[in-house]
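As structure tokens, the structure follows; a few thoughts come after it.
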Amino acid sequence: MKPVYNFVSEDSGLITKTVSGFIPETAVIPLKKNGQDDVEILVKAGDEVKEGQVIARSSDTCSHSSIPGKVENIIRSKFADGSEGYAAKIRLEGVFSFSGKKLLETRWQAKDVQNLLFRIREGGVLNTFSEPVPLNVQIKKLDRSSDRFLIVRLYSEDPSRITDDFVTDHYFEKIKTGIAVTAKAMEARGILLAFDSRKPLPDGLEKEFEQETACVSMDSRNYPNGFMHEIVSSAKKTFKNSNSVFSTLGNRDLFIDSVTALNVYNAVVLEKPEITVELHVTGDCLNAGAVMTLKTGTLLRDVVAQAGGFKRQPGKIIINGKITGNSISALDIPVSKEIKSVAFVPFSQLPDQKKQHCIRCGNCLKICPMNLSPEALYRCFTNMDFKDENLKLIEKTAALCTECSLCNSVCPSRLPLSQTIALLKKEKNDEK
Ligand code: SF4
Ligand code: SF4
């Protein structure tokens, strides 16, 4: 494992409070991505919508209007994760149902498991621990034949963004309640809190939950140290000589992050759907960095304006962190529930982006924390360079990849190694 300090966000530590974003005059709310055939769009041009109204739904989740107004049109749009699909363009008018109102806490303790799951689904809560997925779907899929554990990462796994650290620091009481709600909804046997070793948790925290609770301290600056693999390994090491129930943790358990716990609190306790996003807006092209509370559907163009505009043109726009994120090329992309950060990086900070052939330098092999050979997996996938009988072995090997992206960061040929291995994993999962 290697420290990668040069990835650490330039403004971490400088940002001390959230800034409420302007209410956008027009919001572009993502409704349905290409391939999401089960999603039904519930509005059309000319419809009036309320703030928080469900405007698209599938059996798994729903999308809400983040502002009150009139649907101007249903348009084709690009989204922050690089996908494309349909979005509702909504012009602001009318009164707000949630914004500016004092929302009272409901008695979530009186709600049964079904009711909690219903509220999590109706609130449109996504679990953003890794690839975003509807939280209620993940909870329903958990194996009920054995004990289940809830593992909560309270820091950002990509040190170039601060969103999870930030919400942990600023909304800890709400996050604790979100954790308690999630643990009840999944009928968890225990809760493990993975926290940043630089910011110890308050004493006695373990006693605050109904379920057996323990903490593991993680060095978040030592990347990678926030994926499922590292947290499970650390728990196994911490509890190996005890009879602790936490020594049995594994990837069958439920992993969430601070942002997800906060959104569970909002959806269940305040009965407020996921219509805002805490977004770390950063990068040396901007006049100011901030963590902004933004309405979903706010265009990145408007986010830049709120950050004081550009002081120089960006060479790249990076979504969700410099190590694990992806880059996009346009500013007319809306803020959506999957985004935690956006960085506007100048040309001068970009390495040569031209993709070349593998020069067999071995850097990716040396850095891979899972001891994989990213170059070999990449070659197999792109050239289909393997015998059919080896396919299962290749897929099993690819399944061990944590998608930490370290291999990408050291590849002098700029090959998209982790993205390609992720495709290999996806093909395997799709076959199931
Ligand atoms: S993304 Fe996968 S293959 Fe690349 S370094 Fe990380 S674990 Fe290894
Ligand atoms: S780091 Fe890149 S160039 Fe070097 S061996 Fe790996 S894939 Fe090839």
Side-chain angles (χ1 to χ4, degrees), residues 1-8 81-82 128-132 151 153 155-161 194 218-237 250-251 255 257 318-327 338 340-341 350-386 390-430:
M1 209 177 284
K2 292 190 169 48
V4 195
Y5 292 111
N6 54 338
F7 284 117
V8 174
D81 61 359
T128 48
F129 180 89
S130 52
E131 192 67 19
I151 296 100
R153 183 183 61 215
Y155 56 93
S156 301
E157 82 284 17
D158 185 327
S160 71
R161 63 172 143 75
M218 308 292 292
D219 179 359
S220 69
R221 293 206 144 201
N222 229 350
Y223 185 85
N225 227 346
F227 295 93
M228 216 179 264
H229 168 76
E230 294 89 33
I231 296 174
V232 168
S233 304
S234 178
K236 286 195 189 301
K237 224 182 280 165
N251 54 12
F255 292 73
D257 52 8
I318 300 175
I319 299 289
N320 281 345
K322 289 181 189 165
I323 313 178
T324 54
N326 59 292
S327 63
E338 295 96 342
K340 291 182 177 180
S341 71
L350 296 177
D352 178 10
Q353 294 296 296
K354 224 164 90 205
K355 198 170 100 181
Q356 289 160 0
H357 291 299
C358 171
I359 56 166
R360 303 283 164 100
C361 65
N363 287 354
C364 57
L365 252 126
K366 276 185 242 154
I367 204 161
C368 176
M370 301 304 292
N371 294 326
L372 304 179
S373 171
E375 170 273 324
L377 288 166
Y378 176 82
R379 186 160 28 89
C380 286
F381 186 80
T382 49
N383 302 345
M384 289 295 159
D385 174 17
F386 53 83
N390 291 340
L391 180 62
K392 286 223 155 7
L393 183 64
I394 293 165
E395 286 177 342
K396 268 193 185 163
T397 313
L400 296 173
C401 169
T402 60
E403 293 173 42
C404 68
S405 297
L406 273 181
C407 49
N408 286 15
S409 69
V410 295
C411 178
S413 299
R414 317 301 309 159
L415 296 174
L417 300 166
S418 73
Q419 293 87 339
T420 309
I421 298 167
L423 284 176
L424 200 54
K425 283 170 66 178
K426 190 169 178 301
E427 285 204 356
K428 164 117 181 95
N429 288 336
D430 290 350

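Hydrogens, waters and symmetry mates play no part in the numbers below; they use all other heavy atoms, side chains included. Ligands are counted one by one from 1 in listed order, and the atoms in each one are counted from 1 as well.
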Mark the output for Ser413 as yes if a heavy-atom distance to ligand 2 is under 4.0 Å, and as no if none is.
-> yes
Closest to atom 6 (Fe) of ligand 2 by heavy-atom distance, out of Pro416, Cys361, Pro412, Cys364, is Cys364
Exam field: side chain Arg153 to backbone Phe129, donor-acceptor pair closer than 3.5 Å | yes
Check: Thr397 side chain, Leu393 main-chain N or O, donor-acceptor pair, under 3.5 Å | yes
Atom 8 (Fe) of ligand 2 reached by Cys358 (N, O or S, under 2.8 Å) = yes
Take every heavy atom of Leu417, measure it against each atom of ligand 1, and state whether any distance is under 4.0 Å.
-> no
If you measure from each heavy atom of Ile421 to ligand 1, is any distance below 4.0 Å?
-> yes
So which heavy atom in the protein is nearest [atom], and how far is it from that ligand atom?
atom                    : result
atom 5 (S) of ligand 2  : Gly362 N, 3.3 Å
atom 1 (S) of ligand 1  : Ser405 N, 3.2 Å
atom 4 (Fe) of ligand 1 : Cys407 SG, 2.3 Å
atom 3 (S) of ligand 2  : Ile359 N, 3.4 Å
atom 2 (Fe) of ligand 1 : Cys401 SG, 2.3 Å

After noting the C-alpha distance and the side-chain angles of Cys358 and Arg379, does the key distance pass the side chain to side chain contact (heavy atoms under 4.5 Å, CB included) rule?
-> CA-CA 9 Å; Cys358 171; Arg379 186 160 28 89; over 6 Å; no
Just wondering, do [Y] and [X] contact through their side chains at under 4.5 Å, heavy atoms?
X      : Y      : result
Cys407 : Cys368 : no
Met228 : Thr402 : no
Asp257 : Lys340 : yes

Does Cys368 bring an N, O or S atom to within less than 2.8 Å of atom 8 (Fe) of ligand 1?
-> yes
Just jot down the ligand 2 atoms closer than 4.0 angstrom to any heavy atom of Arg360, in number order.
-> 5 (S), 8 (Fe)
What's the verdict on side chain to side chain contact (heavy atoms under 4.5 Å, CB included) for Glu338 and Ile319, showing C-alpha distance, side-chain angles and the deciding distance?
-> CA-CA 10 Å; Glu338 295 96 342; Ile319 299 289; over 6 Å; no
Contact atoms of ligand 1, heavy-atom distance to Met370 under 4.0 Å = 7 (S)
What atoms in ligand 1 come closer than 4.0 Å to a heavy atom of Ser418?
-> 1 (S)
Specify the closest pair of heavy atoms between Ile421 and Pro374, including all atoms of both residues, with the distance to one decimal.
-> CD1-CA, 3.9 Å
Start with the C-alpha distance between Gln419 and Asn326, add both sets of side-chain angles, then the distance that settles side-chain hydrogen bond (donor to acceptor under 3.5 Å, both in side chains), and finish with yes or no.
-> CA-CA 9 Å; Gln419 293 87 339; Asn326 59 292; over 6 Å; no
